[in-house]
Amino acid sequence: MADAVFNWYKNGGTAEPGTKRSETTLQAKKHLSSMGWVFWYAQKNGRRELRYQSPQGKVYYTLKAACKGYIDETSGAEGGGGMAVAVAADLEPKKPLKRKSLTQENPAFPKSLPFKSLQPPKRGKKVRKQENQAKPRVIKRASIRIREDPVPNSSHRNPRTVLSWLIDNNAVSILAKVYYRNKTGNPLMRGRITRTGIQCDCCFRVFALTAFEAHAGSTNHRPAANIILDDGSGRSLSDCQRQVHDSMMTIPTSAKKDDLNPHGSDDVCSACCDGGELICCDRCPSAFHANCVGLKEVPDGDWFCPSCCCGICCIGTVSDDDNFLACQQCECKFHIGCLKLKESNELAGKNNWFCSHSCGNIFSGLRNLTGKPILVGNNLTWTLLKSKASSNGDGYTDCPDGLDSCAENHSKLNIALDVMHECFEPSKDSYTGRDLVEAVIFSQGSKLKRLNFKGFYIAVLEENDDLVSVATVRVHGDIVAEMSFVATRFSHRRRGMCRALVDELEKNLAKLGVQKLILPAVPAAVDTWVNCFGFSHMTGEERSKLLQYTLLDFQGSIMCQKPLKTEL
């Protein structure tokens, strides 16, 4: 794509043999846009003229001048002499970014919380009985790598909006004509698509989708469904989102694989994710170090991990799963007999069972919050998202709120994933091949409890439709919620975005009656979380009380906690 810019400048817009001039022009504009350039129309002597603005803010009046400006900026040279150098540099392999481990993170501000690589080390020694006294080899986890700087020449300069995402997925084109339709289908307002919003034809201002709807005089609150491409196709922006959504909704390779390794049980501790001598649960594939579950020695006979035991009697010897009930929210299991229910068949067929009124209230409260933007001031909106089409091994479940809603939700989740990938190096689990960040964002399940992310919700903060900050949260009943990692885009750091995101999350969790929020903090950022956000260090004893919950933890991190002022 960069060649199109250089060829356009070199040939003065003349198309190469076998190529139309319009195609060459479009390719040059697409590459400039992907590099963060912004286009808009301005009025001059009664005519509309196209303007080109570089990421550095310089405005050019012709495409040729813009191409030359791009060449000068990328090569650092003046005039045409730098063009050949720029082309050669663009073709050379990029040097790897400098990386640093979690312990080297800048302590000034928690740019983003790390997520740990759950890639297991070499297989450790696994036992059920203490038959072999050989000392196991201690294996440590690898450090996760966080991006210190954005990837060069990537799209990190572009806004993370739905329109930008549609452009990147070739569903719409930059400067494509659109109009907002009324109830009868007639145009109320016309404009053109940009990465930041819709540029109105009447005033040349750029509006976010919801603002363009209001500018058109509508109160339908469905901008994507009523903004139509003016190309004769009759497609709405919702149709375009659904088109991209349908193309992506195939079963990922990782979902087709068995979550387990050939040995049948996990090779790393579900509590600390280290290898070594492990005790295997006799009900699920999870394995643990004896000291991680409070045991002084390996027990004889069958042994069941905390999450497989009854939440009342703490015994897990029942072999028939029909005698267990699992809470839909906190996922704790209970014997039906311990719940003192007269007949177990009274609950047959009930998928949404809750162990307490508080879990039921939290479940319904989170569902009511999902997908509904909350205005938090300064053109900022906070929204809770959750994947509505989680992988289930046989495919994907249907979307309960309609195709348009599912497609829009899927778009926002993909944009949130892009923000995470901007801040973190990719990391895959060696057993499943999953991208772990993607697995959390899209709430993918697993037979291994440490890889079961079905309960995760995604909180996003947007500024004029531009998604700037993301956090993941999982609520384990009214006892505790975990905020496993947070990411803020490079271009929006030091602006209080993380504060706005976390404050609104804490506020809504408190309304639901959640007592405590915990997070794994980078050692260098612990002081910031403690002094600026009100968290405190979590003791080993306090953490041992949460053994029944599978928490997502990171190597080298320090678990912090914060009590929430509940309103219930």
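One-based numbering along the sequence shown.
A donor-acceptor contact shorter than 3.5 Å links the side chain of Ser364 to the backbone of Asn361. Looking only at distances, a side-chain donor or acceptor of Asp465 sits under 3.5 Å from a matching main-chain atom of Leu209. A donor-acceptor pair is defined here as one N or O able to donate and one able to accept, closer than 3.5 Å; such a pair exists between the side chain of Lys372 and the backbone of Asn368. Looking only at distances, a side-chain donor or acceptor of Gln329 sits under 3.5 Å from a matching main-chain atom of Val475. Not one N or O on the side chain of Asn464 forms a donor-acceptor pair closer than 3.5 Å with the backbone of Ala208. A donor-acceptor pair under 3.5 Å is absent between the side-chain atoms of Asp478 and the main chain of Cys359, judged by distance alone. Judged by distance alone, with hydrogens and angles left aside, the side-chain atoms of Gln444 form no donor-acceptor pair with the main-chain N or O of Asn452 at under 3.5 Å. No donor-acceptor pair closer than 3.5 Å links the side chain of Asp466 to the backbone N or O of Pro159. The main-chain N or O of Gly371 is never found under 3.5 Å from a side-chain atom of Thr383 such that the two would form a donor-acceptor pair.
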Could you give me the CA-CA distance, side-chain angles and deciding distance for Glu463 and Arg495, then say whether salt bridge (Lys or Arg N to Asp or Glu O under 4.0 Å) is met? CA-CA 12 Å; Glu463 184 178 36; Arg495 297 184 56 215; 2.9 Å; yes
Audit row: Lys412, Glu462, salt bridge (Lys or Arg N to Asp or Glu O under 4.0 Å) steps and yes/no: CA-CA 10 Å; Lys412 291 287 182 72; Glu462 295 172 281; 3.5 Å; yes
Worked check of side-chain contact (heavy atoms from CB on, under 4.5 Å) between Ile479 and Lys516: CA-CA 6 Å; Ile479 301 299; Lys516 181 188 299 183; over 6 Å; no
Run Arg543 and Met559 through side-chain contact (heavy atoms from CB on, under 4.5 Å) and show every step you take. CA-CA 8 Å; Arg543 186 165 181 175; Met559 194 64 73; 3.8 Å; yes
side-chain contact (heavy atoms from CB on, under 4.5 Å) between Leu385 and Val460: does it pass, once the steps are laid out? CA-CA 8 Å; Leu385 304 173; Val460 300; 4.0 Å; yes
Between Val514 and Ile362, is a side-chain contact (heavy atoms from CB on, under 4.5 Å) present by the stated rule, with each step listed? CA-CA 8 Å; Val514 180; Ile362 289 171; 4.2 Å; yes
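Residue Arg205 qualifies as open at atom CZ: its count of foreign heavy atoms under 6.0 Å is 12 or below. Within 6.0 Å of CG in Asn531 there are more than 12 heavy atoms belonging to other residues, nucleotides or ligands.
Taking the side chain as every heavy atom from C-beta outward, Val470 and Phe485 never approach each other to under 4.5 Å. You'll find the side chain of Leu461 reaches within 4.5 Å of the side chain of Val376, heavy atoms only. Looking only at side-chain heavy atoms (C-beta outward), Tyr457 and Leu369 stay at 4.5 Å or farther from each other. Within the 4.5 Å cutoff, no side-chain heavy atoms of Tyr70 are placed close to those of Ser54. Annotation: side chain of Val38 is not in contact with side chain of Thr194 (no heavy-atom distance under 4.5 Å). Taking the side chain as every heavy atom from C-beta outward, Asn508 and Leu384 never approach each other to under 4.5 Å. Side-chain contact between Glu422 and Phe490 is present, with at least one heavy-atom pair separated by less than 4.5 Å. The shortest side-chain heavy-atom distance between Leu163 and Arg195 does not fall under the 4.5 Å cut-off.
A donor-acceptor contact closer than 3.5 angstrom links the side chains of Asn414 and His410. Ser411 and Gln241 share a donor-acceptor pair across their side chains, judged by distance under 3.5 Å alone. Side-chain contact check for Glu542 and Thr539: at least one donor-acceptor pair (N or O, by modelled atom type) lies under 3.5 Å. Looking only at atom types and distance, the side chain of Thr488 has a donor-acceptor partner in the side chain of Ser469 under 3.5 Å away. Residues Arg489 and His492 bring no donor and acceptor atom of their side chains to less than 3.5 Å of each other. One side chain, Asp435 or His421, offers a donor N or O that lies under 3.5 Å from an acceptor on the other.
Rounded to the nearest 0.5 Å, atoms OG (Ser387) and CG (Leu413) are 6.0 Å apart. To the nearest 0.5 Å, the span separating CZ on Phe334 from CG on Leu325 amounts to 9.5 Å. Distance check, rounded to the nearest 0.5 Å: CZ of Phe535 to CH2 of Trp529 gives 6.0 Å. The NZ atom of Lys333 sits 9.5 Å away from the SG atom of Cys309 when rounded to the nearest 0.5 Å. Atom CD of Glu506 sits about 8.0 Å away from atom CG of Leu509, to the nearest 0.5 Å. For the atom pair CE of Met538 and NZ of Lys562, the computed distance is 15.0 Å after rounding to the nearest 0.5 Å.
Counting all heavy atoms, side chain and backbone alike, Cys560 lies closest to Val526 at SG-CG1, 4.3 Å. The minimum heavy-atom distance linking Trp303 with Cys280 is given by the pair CE3-O, 3.8 Å. Between Ala416 and Leu467, the shortest heavy-atom distance links the atoms N-CD1, 4.1 Å. Closest approach of Ser286 and Phe288 over heavy atoms only: CB-CE1, 3.8 Å. Closest non-hydrogen pair, Cys532 versus Arg499, comes out as O-NH2, 2.6 Å. Heavy-atom minimum distance, Lys565 versus Ala510: O-CB, 3.3 Å.
Residue pairs meeting the ring-ring contact (aromatic ring centres under 6.0 Å, His included) criterion with at least one partner in residues 361-388, sequence neighbours excluded, are Phe354-Phe363.
With a 6.0 Å cutoff to the six-membered ring centre and a 45° limit on the axis angle, Arg474 does not count as a cation-pi contact of Phe453.
When Val486, Leu505, Val502, Leu366 are each tested for a side chain to side chain contact (heavy atoms under 4.5 Å, CB included) with Val473, only one passes: Leu505.
Using bins of under 30°, 30° to 60° and over 60° for the plane-to-plane angle, the ring pair Tyr549/His476 lands in the tilted bin.
Between Arg160 and Asp168 there is no salt bridge, since no side-chain N of the basic residue sits under 4.0 Å from a carboxylate O of the acidic one.
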